[in-house]
Amino acid sequence: MASSRDTNNFIEEIIERDNESGKYAGAVVTRFPPEPNGYLHIGHAKSIALNFGLARKYDGTCHLRFDDTNPETEDPEFVEAIKRDVHWLGYEWGDNLFFASDYFEQLYDYAVKLIGQGLAYVDSSSMEEIRKNRGTVTEPGTDSPYRDRTIEENLKLFGEMRDGVHGDGTHVLRAKMDMGSPNMKLRDPLLYRIKHASHYRTGDEWCIYPMYDFAHPLSDAIENITHSLCTLEFENNRPIYDWLVDAVCESPRPYQYEFARLNLNYTVMSKRKLLRLVEEKFVDGWDDPRMYTIAGLRRRGYTPSSIRSFAERVGVARANSRSDVGLLEYSIRDDLNAIAPRVMAVLRPLRIELTNYDEGKVEWLEAPYFPHDVPKEGSRKVPFSRNILIDRSDFKENPGKKFYRLSPGNEVRLRYGYVIRCTDVIKNDEGDVVELKGTCDLDTRGGDTPDGRRVRGTIQWVSAEHAIPIETRLYDRLFSVENPEEGVEDFTVNLNPDSIEILSGSVAEPSIANDDPGTRYQFEREGYFWQDPEDSSPDKLVFNRIVMLKDSWEKTVKAKPATIKPRAKETVPKEVRTIVDSPATLKMAEDFGLSVELARQLSKDEAKKAIFDAIAEQAGELSAAVANWIVNELPGDVQGIDNPGPFLKMVAMFDSGDISQRIARQIQVEVIESGTDPETVVDREGLAQISDPSTLEAMADDIIARNTEKAELYRSGKKGLIGFFMGQLMQASGGKANPEVARGIIEKKLG
RNA sequence: UGCCCGGUCGUCUAAUGGCAGGACAGCGGCCUUUGGAGCCGUCGGUGGAGGUUCGAAUCCUCCCCGGGCAACCA
């Protein structure tokens, strides 16, 4: 079976079909179209990876286009931030950096053209009137009184709008579509509005600005985009896209495809909610390492490649979904595991004095940067001395059964160091452990036990006199529930109060002083860390925890928190519905010998019922078979059957077993459309059904002989494999085998 | 309540009428100088009811559930 890596998502399927048909002569041009009004987040990263990834995969190009059509919210600061983020993620747009605002003149010309075609008009209604006339989801809208203005008048008014003679909100340009459309987006969508506002790129050159529905499709068309990918909420806008592009664009034209946006559990994703977190100081800015903005992830220490592989792993589909943030964490661990040097740091130090180790003595022990299973070289020396700092959590005065670390009287190995034993516990007046005393087995330098005794625990440590003080910042999920927005008025009530813990008294081994400040480490047994790019300095080293290590110890200790989610509630119909069939339906069933279900389905479908009604008489005894075929096998786009004779004959041939259903399906379009005698088609193509048992037996023998393992599996109980054998046989016979007979033979032979 | 879209292991995603597969998570084991990594195993799914078919996750009907749409935002 194919793995997820080499199966295509639905967009790749579309592209490959288009490449095969030569629709765009093999060209693939995508685009990432952000509006420069905020920072990019991990959801955008999915879209970026999709669009740029597709271009990369199909040897195409991906444009970076700023959709800057609303001067009131946009800012050049965001343009730079977005460019930086896209670039950081590892994608290049080369010369293909565009701005919708560069197309304003061209878009204006398109609008004029549309007016000239009678497809757009200037509406002078107020905002309230427009809103009122739009109707509701259940009621159609009503036409604007300005809808029938002459082309000349529209042209004049639109020109005046551009020239600034009208005030904000006095007129808009609308597409003349359909105020009665059940799709509300199509009720004469607005194309241009007047805004006497300065645009960050075009200044005061314009006082009318195009709306998304107008600018976006036409910008795609201008740039010769082939596949325009957006999120699901734009689905209802697609008809506008098609309408506009068809109106002004020659083929091959771009097409819009929608996919599901990324949602992550334990966080919020929308720009507005992220903005609230920043503005109300729940976090410390857009690049707070707890934020799933690109800037936040970058500062936290995520690598671009980890985000790309995350996007790859979540995939692309059309079903709304909420991905597990654990998958993102897996992605960064997976990435860093292979590249991050291991060093030792102690987050919450506890001193242990090794009373048998000479005071003032220092040994520099060899410590490899990578474990045996990471194929990378390198090592450094770490100092060992009488006073050692270990993590408080690695000592337990009353250890449980499965606690393998240090406890009074017991041994633990100091990684790359010695095996030590705890001899004394020193407490303060409050009874807190403040220091330990112990001994060091001098024969175990490097960690090996010459006598072969087993030491189960190994912990990290730092020599007290050589320790480098650092601050560590431990991040946890920003929200304490999977879906912060669910069931509450204000999502901020679900904020996790412990999403950050700052430890000012941590220490690290001295070797890190010589490293590049951008180094991502694994602090052994703690997690992946790197220096905070904003707050860390040589005087005060500050480390962010990028992600914890997977910890199966935590899990065994902590009583499983209630991860038990309420099981999907049973779906019981609110009321038991009784289907009441109309007398006409029952009569039809009676008259033609149809099952009630079949009659019901047939009467439900007007087009199919009409087809049946027209030929029912002629069908005679065959009427039930014909009705069945029409309901279940006739393609939905068949409008009518002009010449029913051949079609009836085909059904008869299927009914009598002359041809298989598969073959009948195969030839039905030709038979219906051209009225060819089905017998002619069958003879010409040699499609007669094979029902002769000896022929089929020979085929079955052959297939079974070539698939002995599968046959064995079948015999041992994997009955689903019958489908495999049937498929093989149908393929071998060109679809002509009588399936019923064939199945019987296979089942008998596989016994 | 109108229209549109969707519903496959706990999560994400394949299977395009023919073997329900993969990844993450979980569980168990092996290994281990990181309670990491790795390796092996395992648990686990087609929302429901009918219909068509030799055969349905896939096609048809009805029901249930979820999402989107009534900004001069995108």
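Proteins come first, then strands; the chains are lettered A, B, ... in the order of their sequence lines, and each starts at number 1.
- For A:D188, the salt bridge (Lys or Arg N to Asp or Glu O under 4.0 Å) test picks out A:R147, with sequence neighbours left out.
- For A:N320 and B:U13, the CG to P distance is 10 Å, given to the nearest whole Å.
- For A:W629 and A:F654, the ring centers are positioned less than 6.0 Å apart.
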Handout entry: For RNA chain B, the dot-bracket pattern of Watson-Crick and G-U pairs whose distances stay under 3.5 Å, | for other-strand partners
Key = .((((((..((((....[..)))).(((((.......)))))....(((((..]....))))))))))).....
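- Within 4.0 Å of A:L721, counting heavy atoms only, lies at least one base atom of the nucleic acid.
- The residue among A:V314 and A:R405 whose nearest nucleotide of RNA chain B lies closer to the 5′ end is A:V314.
- Distance CG/A:L347 to CD/A:Q460: 8.0 Å, rounded to 0.5 Å.
- Within the 4.0 Å cut-off from OP1 or OP2 of B:U61, not a single side-chain nitrogen or oxygen of A:K608 is found.
- Nucleotides B:C24 and B:G45 have their C1' atoms positioned 16 Å apart, rounded to a whole Å.
- Residue contacts for A:F725: at a heavy-atom cut-off of 4.0 Å it reaches no nucleic acid atom on any strand shown.
- Rounded to the nearest Å, the gap between the P atom of B:G6 and that of B:U13 is 14 Å.
- Looking at which nucleotide of RNA chain B each of A:P34 and A:R525 is closest to, the 5′-most match is held by A:R525.
- Applying the salt bridge (Lys or Arg N to Asp or Glu O under 4.0 Å) test to residues at least two apart or on different chains, the pairs with a partner in residues 738-748 of chain A are A:R743-A:E747.
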